[in-house]
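Note that the structure is predicted; figures quoted are calculated from it, not measured. Chain letters run A, B, ... following the sequence lines, proteins first and then strands; every chain starts at 1.
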Amino acid sequence: MSRNSVLSLVNDLSRGLADQGICGHYYDDIVHEIGQRPIFTRATLVAVDGATATFALPDTAIRLLYVLYDDRILAPASLRELEAVNPHWRDERGTPIAYVTERENARSFRLYPVPDVASKSFIFLTGLPFGRDYPELAVVIVHTEDRELPDWLDLPVALDILGREFGRESDHRDPAFAEMCGQLAVLMYRMLEL
Amino acid sequence: MNAGELTAAFTTRLRGPAHTHEFVRLILSHCQRLINARLRRVLITNALTVHAIRLLYPVDSELPDALRIESVRYNGRDLDRVLWPTLGHMSFNWFREVGAQPETFSQLGHNLLVIHPALLENNSVDVIATKLTTALAADTDPVDLPDEDLPNVMDLAEAVLMLRERRLTAVAPLIARLAARMRFPDVAQQRPKPSE
């Protein structure tokens with residue numbers, strides 16, 4: 001488990017001085033910061049019922065990257081663009097060609113127009129939902145996700161956490177140590193091309 | 001060389017407070033992976049089964065030893081690497097396209113690989129990747145990097161252990177030298193920003 005191994009490294013490298021609770025929060029922060037970039041991505045299949053245009057992001061999704069409908073990648077659109085095309089765009093039905101995120105920080109998106117046909121059944125006889133079993137007319141959401149980081153990130157993330165932990169106001173604050181940890185973390189991230 | 005030999009050789013050059021053998025080996029394990037990530041010295045070739053009518057492959061589960069995909073070959077021919085948006089520029093319907101042979105590959109992030117177009121029947125491609133070097137969990141585990149790269153591994157590990165010992169005046173020039181050797185001379189001026 002990466003979170004536990006990272007926090008164990010933090011504890012070892014700080015000789016027990018680091019606050020484990022706060023370092024856990026730093027780990028979560030780093031996962032979300034990494035999730036803002038297309039590094040750890042996932043494609044999720046979503047069924048279409050032929051009447052609903054709005055779809056929720058998966059619980060683990062951090063940032064929506066792409067939306068596909070059936071075999072086509074949809075263009076992101078703005079509310080203004082859709083209103084310019086058709087003031088009654090929300091009522092329009094047909095084959096989706098675009099998607100819109102209606103509110104900032106919304107964990108959902110809306111297809112335009114409303115898909116008027118339900119997707120095929122989600123029965124994966126060969127266990128390959130993106131292969132022969134792909135349900136036609138379904139939606140695919142490509143997103144970054146909130147997940148345990150892989151083991152090969154343990155050391156740079158531990159140093160990144162140490163840089164934050166020993167840079168904050170505390171009874172063990174050590175700005176010089178924090179800066180060195182931060183620099184070494186940056187070097188390691190760059191070596192990994194992150 | 002195995003992990004025990006590397007750890008012993010490295011321990012003899014360390015000065016200052018002692019670290020446990022297992023902790024030193026752990027740090028060397030991480031540093032070996034980082035050095036190989038940068039230098040790409042150790043590559044692996046894995047056969048990836050490409051299923052019929054399937055373009056999308058999760059790297060984590062299909063290629064667990066691959067740290068970074070370098071190239072993909074089909075029948076001895078390298079596929080062209082393209083960016084994900086380029087697939088959409090080539091065709092609106094690329095996501096379910098089928099062809100006689102794969103022509104391109106693309107990645108979205110570290111762990112989504114696209115082989116395009118898909119094939120009508122199952123087949124395989126060779127994926128050449130920078131190896132996620134073997135974790136040095138036991139003294140008998142092999143060290144993957146060649147001997148000439150081990151000084152870089154030990155220097156990086158020494159920087160980490162110097163930090164643990166709070167030998168900050170000694171670690172700063174070591175980090176600067178490592179950064180220059182890894183061709184990142186500007187690192188010494190930066191703060192970690194994984195969101196950029």
Side-chain angles (χ1 to χ4, degrees), chain A residues 9 12-15 30 32-43 65-66 68 70-73 75 126 128-132 134 136 140 142 144 150-152 154-160 162-164 167 174 176-177 179-194, chain B residues 19 23 26-27 30-31 33-35 37-39 51-58 60 67-68 84-85 87-88 92-97 107-112 118 132-133 135 156 159-164 166 168 171-172 175-176 178-179 182 184 187-196:
Chain A
L9 257 180
D12 281 333
L13 290 172
S14 69
R15 295 187 180 272
I30 290 170
H32 275 264
E33 287 166 11
I34 289 175
Q36 297 306 316
R37 299 165 61 204
I39 297 172
F40 298 114
T41 52
R42 179 178 292 276
L65 297 173
Y66 296 99
L68 296 101
D70 196 21
D71 62 352
R72 172 179 285 216
I73 195 164
T126 64
L128 297 171
F130 288 102
R132 286 190 187 278
Y134 180 73
E136 293 171 4
V140 177
V142 182
T144 60
D151 293 346
W152 45 269
D154 279 1
L155 185 54
V157 170
L159 289 167
D160 192 348
L162 285 171
R164 300 175 192 218
D174 187 339
F177 176 68
E179 182 164 354
M180 289 295 106
C181 289
Q183 281 185 16
L184 198 50
V186 167
L187 175 60
M188 291 180 178
Y189 283 137
R190 294 275 292 270
M191 290 166 74
L192 292 165
E193 296 182 4
L194 291 183
Chain B
H19 309 276
F23 184 72
L26 173 66
I27 298 301
H30 284 301
C31 292
R33 287 180 163 180
L34 290 162
I35 294 295
R38 177 61 182 154
L39 300 182
H51 299 106
I53 322 176
R54 180 185 180 190
L55 287 89
L56 218 55
Y57 297 88
D60 283 354
L67 181 61
R68 182 191 301 116
W84 184 280
L87 293 167
F92 279 129
N93 312 103
W94 68 264
F95 190 65
R96 300 298 293 165
E97 278 188 337
Q107 275 188 275
L108 187 62
H110 171 263
N111 55 327
L112 270 184
L132 183 64
T133 55
L156 189 58
V160 175
L161 295 178
M162 278 183 180
L163 278 177
R164 186 170 189 253
R166 304 295 176 99
L168 303 182
V171 78
I175 292 175
L178 275 166
M182 295 297 121
F184 300 124
V187 162
Q189 285 79 45
Q190 290 187 23
R191 302 286 308 173
K193 293 178 182 176
S195 61
E196 286 189 4

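Only the side chain of A:Leu9 comes within contact range of chain B, with at least one heavy atom under 4.5 Å from a heavy atom of that chain. The part of A:Leu68 that comes within reach of chain B is its side chain, from C-beta onward, which places non-hydrogen atoms under 4.5 angstrom from that chain. Interface residue A:Leu192: backbone and side-chain heavy atoms are both found under 4.5 Å from chain B. The part of B:Leu26 that comes within reach of chain A is its side chain, from C-beta onward, which places non-hydrogen atoms under 4.5 angstrom from that chain. Heavy-atom distances place the side chain of A:Val142, and not its backbone, under 4.5 Å from chain B.
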Next on the checklist: B:Leu156 vs A:Met191, test: side chain to side chain contact (heavy atoms under 4.5 Å, CB included). Steps then yes/no.
Outcome noted: CA-CA 12 Å; B:Leu156 189 58; A:Met191 290 166 74; 4.1 Å; yes
Checklist entry - What do the steps show when you test B:Arg33 against A:Asp151 for side chain to side chain contact (heavy atoms under 4.5 Å, CB included), and what is the final call? => result CA-CA 10 Å; B:Arg33 287 180 163 180; A:Asp151 293 346; 4.2 Å; yes
Checklist entry - Would A:Arg42 and B:Leu112 satisfy side chain to side chain contact (heavy atoms under 4.5 Å, CB included), going step by step from the backbone distance to the final call? => result CA-CA 7 Å; A:Arg42 179 178 292 276; B:Leu112 270 184; 5.7 Å; no
Item to check | Intermediate values then yes/no, side chain to side chain contact (heavy atoms under 4.5 Å, CB included), A:Arg190 and B:Met182 | outcome: CA-CA 9 Å; A:Arg190 294 275 292 270; B:Met182 295 297 121; over 6 Å; no
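Ring orientation note: the planes of A:Phe130 and B:Phe95 are nearly perpendicular, at an angle over 60° on the 30°/60° scale.
When every heavy atom of A:Ala43 is checked against every heavy atom of B:Leu56, the shortest pair comes out as CB-CD2, 3.5 Å.
Within the 4.5 Å cutoff, no side-chain heavy atoms of A:Trp152 are placed close to those of B:Thr133. In this structure, the side chains of A:Gln183 and B:Leu163 stay at 4.5 Å or more apart for every pair of heavy atoms. Between B:Trp94 and A:Ile73, some side-chain heavy-atom pair lies under the 4.5 Å cut-off. Looking at heavy atoms from C-beta onward, A:Tyr134 lies out of side-chain contact with B:Ile53 at the 4.5 angstrom threshold. In this structure, the side chains of A:Asp154 and B:His30 come closer than 4.5 Å at one or more pairs of heavy atoms. Looking at A:Arg132 and B:His51, their side chains never come closer than 4.5 Å, going by heavy atoms from C-beta outward. At least one side-chain heavy atom of B:Leu34 sits less than 4.5 Å from a side-chain heavy atom of A:Leu155.
Cation-pi contact between A:Arg72 and B:Phe92: present, with separation from the ring centre below 6.0 Å and deviation from the ring axis of at most 45°.
Formation of a donor-acceptor pair under 3.5 Å by the A:Asp71 side chain with backbone atoms of B:Arg96 is not found in this model.
The pair B:Arg166-A:Asp174 counts as a salt bridge, with a side-chain nitrogen and a carboxylate oxygen less than 4.0 angstrom apart.
Counting heavy-atom pairs under 4.5 Å between each of B:Leu55, B:Ile27, B:Leu178, B:Leu67 and chain A puts B:Leu67 at the top.
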